[in-house]
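Read the structure below first, then the notes.
Naming convention: chains lettered A, B, ... in sequence-line order (proteins, then strands); numbering from 1 in each chain.
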Protein chains: 2
Amino acid sequence: MSRVNHYLLTVYELAETAGEPVSTGRIADSIGRSPAATTEMVQRLEARGLVDHEPYAGVRLTTAGRDRASELSDSYETICRFFDEVLEIDDHRREAAAVVGTVSPAVVTRLETTLLAPSSSSRADESTQ
Amino acid sequence: MSRVNHYLLTVYELAETAGEPVSTGRIADSIGRSPAATTEMVQRLEARGLVDHEPYAGVRLTTAGRDRASELSDSYETICRFFDEVLEIDDHRREAAAVVGTVSPAVVTRLETTLLAPSSSSRADESTQ
DNA sequence: GGAACGGTTTAGGCTACCCTAAAGCAAAAA
DNA sequence: TTTTTGCTTTAGGGTAGCCTAAACCGTTCC
């Protein structure tokens, strides 16, 4: 996904688990980039109105940022489940993170449908047999 | 996919349909970039040993380039079919182009399996009913 | 042969991202 | 209160990709 989306989703997840404000260091660790690169990207997120950044303290999602991150998170979850349950990919989280934001909402919607109607070849059947 | 892969696959497809050498102008039109950007990328492909570039004439794939492009093409076809036949995405070519090279070979392999065992909710069943 | 034309390449410049090193800040320790 | 410490930000620099405008090349046409 675009770098911006990746950072935004990361902030969202960290905010959910550890609360706000989220420090740039935490984001950097989580996303595997240098603190400097993270500060820079945080400033870009702020310029787009997705987060509020208080220097040396951390960031908080704006309403717009939270909304967008939430959608991203839903898409991520769907893709993740598809990779895990249908395709049985070991590293489904990484794979999902790579494609979320790359595929259109239409693809995500159709994947959701697929998850609701499990194929005869998927592991998702296990619970229905 | 990475830009390099996108250009490489495009060269491969154009070479298949119109033969070599492939002009940079053709590549530019096909990929939707300026001729200048295309020349630049062609030089990068050449630096990586994927194509031979004769200035003002065009490019020819090297053996390494053709091999890699061929794999890319197979992955693209698989993803394309999945998006078309299983997810029924209208713009499946564009969507597929966006994710090929982003997902791992493991995902492509598993998608192939899925295509061989169509789900009850997919259009792929039409031919089997 | 020479000029005009169309496609190609080079020049110069821009944004997005990333890094390391240095500077800055705030909170804890002395 | 001063110093130390740890995290954050800024400074400076690099690569990938893209663009427009200008220079360039080969071919075609006079």
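Contact check for Ser70(B) versus Asp67(B): no side-chain heavy atoms found under the 4.5 Å cut-off. Counting only heavy atoms from C-beta outward, the side chains of Leu61(B) and Glu20(B) approach each other to under 4.5 Å.
Counting to the nearest Å, the C1' atom of dT9(D) and the CD1 atom of Ile27(A) are 14 Å from each other. Between the P atom of dA16(D) and the CD atom of Gln43(B) lies a distance of 13 Å, rounded to the nearest Å. The CD1 atom of Ile31(A) sits 11 Å away from the P atom of dC19(C) (whole-angstrom rounding). dA16(C) atom C1' lies 13 Å from atom CG of Leu45(A), rounded to whole Å.
Judged purely by atom type and a 3.5 angstrom limit, Thr62(A) uses its side chain to pair as donor or acceptor with the backbone of Gly49(A).
Contact check, Thr24(A) against dT9(D): a side-chain N or O comes under 4.0 Å of OP1 or OP2. An OP1 or OP2 oxygen of dT9(C) is reached within less than 4.0 angstrom by a side-chain nitrogen or oxygen of His53(B).
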- [ ] Sugar-phosphate atoms are those with a prime plus P, OP1 and OP2; base atoms are the rest. Using that split, label each nucleotide of nucleotides 17-25 of chain D B, S or - for protein heavy atoms under 4.0 Å, 5' to 3'.
- [x] BBBB---BS
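To the nearest 0.5 Å, atoms CD1 (Ile31(B)) and OH (Tyr7(B)) are separated by 5.0 Å.
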TODO: Test Tyr76(B) against Leu9(B) for side-chain contact (heavy atoms from CB on, under 4.5 Å), laying out the working first.
DONE: CA-CA 9 Å; Tyr76(B) 172 73; Leu9(B) 181 54; 4.1 Å; yes
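Pairing each heavy atom of His53(B) with each of Gly58(B), the nearest pair is CD2-O, 3.5 Å.
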